[in-house]
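For reference, the structure discussed in these notes is given below.
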Amino acid sequence: MSHETILILDLGSQYTQLIARRIREAGVFSRIARFDLTLEQVEEIAPKGIVLSGGPASVYAEHAPKIDPGILELGVPVLGICYGMQLMVEQLGGKVKPAESREFGRAHAQVDPTNPLFADVPMETTVWMSHGDRVEEVEGTFKSLARTDHAPFAAIAHETKPLFGVQFHPEVVHSLHGEQVVRNFVRHICACSGDWKMASFIDEAVATIRAQVGDTGQVVCGLSGGIDSAVVAAIVDKAIGERLTCIFVDNAVLREGEVDEVEAAFAPRFGERLRVVRAAEQFLHKLAGVTDPEEKRKKIGHVFIDVFKQAAEGIDDARFLAQGTLYPDVIESVAAFGGPTATIKSHHNVGGLPEELGFELVEPLRQLFKDEVRELARELDLPQVLIERQPFPGPGLAIRILGEVTPERLAVLRRADSIVRHEFTEAGLNARIWQAFAVLLPVRSVGVMGDQRTYEDTCVVRAVESTDGMTADWARVDYELLGKISNRIINEVRGINRVCYDISSKPPATIEWE
């Protein structure tokens, strides 16, 4: 793709994805890659600027991640954040040492507003620190642009090269003018035009798909009913039309009424090019007795491969598989970028699938975040009901049932989940809430109903607010709403006698329970 790119070298920060988001919000495309890309690989990407992320290591540690030193000699603007700044200083001859007073959380900073990195930033501002080391000496190669009580080099600039560093995290909302700092770097220092938009992305994606598939290739799309696969199907349809076939698999762990809803939504658009496969029994058979969440994901993935492959038989020259892999899927997965960040969980649509199916992958959304996909859906004029639909994990209700997945427990959770989603919709909260759903725990407790003792399961209601799913905060909703949901679930869903509300944020928790 020909758009201007800011390359982010991931050194292990939990905030790396936020850096990418802030850059895109400034109208510039961003790409996250391994920290150990070679100079030649970086030159091939031809970025307008480079960001070195933070990370949990100390630069003086034995196995601390390093970058190719030639990257700092390219003449391309570089912004080092936290560990990235320390690494840049250390690799250019400066010294980084453990700080006498570590800084975690908000700090008061004085900045130099005459430097383009801090244009339109007040001389005194609040920044978010998260470090135990600090820059002590810069060997005359850098000058200080900002300081805090404990960090004399809270921001730096090289005397002769376009190299900048900030000890704080401008990508997080707690740094009051951090967004402006990121914008200044990409728009002023890197001289990016800031014209990256979803409309231009569609044209580029269509052109890329046509070039990949050719004039005769057939594409199979794994349709889930969610917005990701719907947008993929729409883009591929725009690119190759009748040579696209969509397959929707009932994997037994979908929400209440979802199979019928998906068929009703997509059959008019695709006609005979939509194949609905009802394979609930096959999935439930494989899930019997399985309690480990990763094992659930793998079992569902393996059965899906078999079912999908069988459904795709008979499609002539079907060599390509289109799927809705998003950037968070790639970043959180086992094979993400091989960087120093920890694996969070595996994703069923990342890695391995095309090899086992014998398909070549078509992933037009691989570089996008969820809210960007919603924007793309609007550009494609998809139905509003799809645009507003809440994200739903590939393994479905299987990872919202802790413990064994059985038809009986699925029926209980489906009904409870339906009540949660209905009440949040009735309360007019869908535009504010990222996800609202029910979780069924393998925890039984004593209750009393109709003067009789009960001993039944516990349900947890989970509702979060988020922009892209990478971070999330639990939703502060009205107690009356929570009370109504609890009363309905306990009264209407046989098998549940206790309802709790999850008040955990991501991080440290994840949105899904498994």
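For the single chain, residues carry numbers from 1 onward in sequence order.
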Does a side-chain heavy-atom distance below 4.5 Å link Ile8 with Ile23? yes
Approximate separation, where rounding is to 0.5 Å, of Thr454 OG1 and Ile496 CD1: 11.5 Å
Around Glu40, counting heavy atoms of other residues, nucleotides and ligands shown, do more than 12 lie under 6.0 Å from its CD? yes
Value rounded to 0.5 Å, distance of OG in Ser30 from CD1 in Ile6: 8.5 Å
Donor-acceptor check, side chain of Thr425 to backbone of Arg421, threshold 3.5 angstrom: yes or no? yes
Residues Arg275, Glu263: salt bridge by 4.0 Å N-O rule: no
Under the side-chain contact (heavy atoms from CB on, under 4.5 Å) rule, what do Lys370 and Asp228 come out as? Steps first, then yes or no, please. CA-CA 8 Å; Lys370 177 71 76 171; Asp228 304 337; 2.7 Å; yes
Establish, for the pair Arg374 and Trp434, whether the NZ or CZ atom is under 6.0 angstrom from the six-membered ring centre and no further than 45 degrees off its axis. yes
Keeping to residues at least two apart or across chains, list the salt bridge (Lys or Arg N to Asp or Glu O under 4.0 Å) pairs with something in residues 403-413. none
Has Arg24 got its NZ or CZ under 6.0 Å from the middle of the six-membered ring of Phe369, at an angle within 45 degrees of the ring axis? no
To the nearest 0.5 Å, atom OG of Ser53 lies from atom CG of Leu18 at 11.5 Å
Whether the side chain of Lys296 engages the backbone of Ile401 through a donor-acceptor N/O pair (distance < 3.5 Å, no angle test) should be reported. yes
Crowded around Arg389 CZ? As in, over 12 foreign heavy atoms under 6.0 Å? yes
Hey, could you give me the CZ/CD distance between Arg444 and Glu456, rounded to the nearest 0.5 Å? 7.0 Å
Spell out, as yes or no, whether a donor-acceptor pair under 3.5 Å connects the side chain of Arg462 to the backbone of Val460. no
State whether Arg273 and Asp237 are salt-bridged, where the test is any N-O pair (Lys NZ or Arg NE/NH1/NH2 against Asp/Glu carboxylate O) under 4.0 Å. yes
Please round to the nearest 0.5 Å and tell me the distance separating atom CD1 of Ile511 and atom OG of Ser466. 5.0 Å
Judged by modelled atom types alone, do Arg366 and Thr325 share a side-chain donor-acceptor pair under 3.5 Å? no
Which pairs, with at least one residue in residues 432-442 and sequence neighbours excluded, count as a salt bridge (Lys or Arg N to Asp or Glu O under 4.0 Å)? Arg432-Glu465
side-chain hydrogen bond (donor to acceptor under 3.5 Å, both in side chains) between Gln17 and Glu171, worked out: CA-CA 9 Å; Gln17 296 78 37; Glu171 67 272 24; over 6 Å; no
Short side-chain to backbone donor-acceptor contact, Asp10 and Phe35, under 3.5 Å: no
Taken in chain and number order and not counting sequence neighbours, the residues that satisfy side-chain contact (heavy atoms from CB on, under 4.5 Å) with Glu281 are none
If you count heavy atoms of other groups shown closer than 6.0 angstrom to CD of Gln310, is the number above 12? no
Does the side chain of Val412 come within less than 4.5 Å of Leu410's, by heavy atoms? no
Under 3.5 Å, is there a donor-acceptor pair linking the side chains of Thr38 and Asp68? no
Check for a donor-acceptor pair, side chain of Gln435 on one end and backbone N or O of Pro391 on the other, with a separation under 3.5 Å. yes
First locate atom CD1 of Ile247, then atom OG of Ser224, and finally report the distance between them rounded to the nearest 0.5 Å. 13.5 Å
His285, NE2 atom: more than 12 neighbouring heavy atoms under 6.0 Å: no
Show, in sequence, the C-alpha distance, side-chain angles and deciding distance for Lys298 and Glu295, and conclude whether the salt bridge (Lys or Arg N to Asp or Glu O under 4.0 Å) test is met. CA-CA 5 Å; Lys298 290 174 182 176; Glu295 189 65 19; 5.2 Å; no
Carboxylate-amine/guanidinium contact Lys66 Asp36, below 4.0 Å: no
Geometric cation-pi criterion Arg255 and Phe392, 6.0 Å radius, 45° cone: yes
Atom CG of Asp260 with >12 non-hydrogen neighbours under 6.0 angstrom: yes
Taking C-beta and beyond as the side chain, do Val499 and Val461 meet within less than 4.5 Å on heavy atoms? yes
Spell out, as yes or no, whether a donor-acceptor pair under 3.5 Å connects the side chain of Tyr83 to the backbone of Pro65. yes
Tell me, please, whether Phe437 has Arg400 positioned over its six-membered ring: NZ or CZ under 6.0 Å from the ring centre and within 45 degrees of its axis? yes
Ionic contact status for Arg21 with Asp371, cut-off 4.0 Å: yes
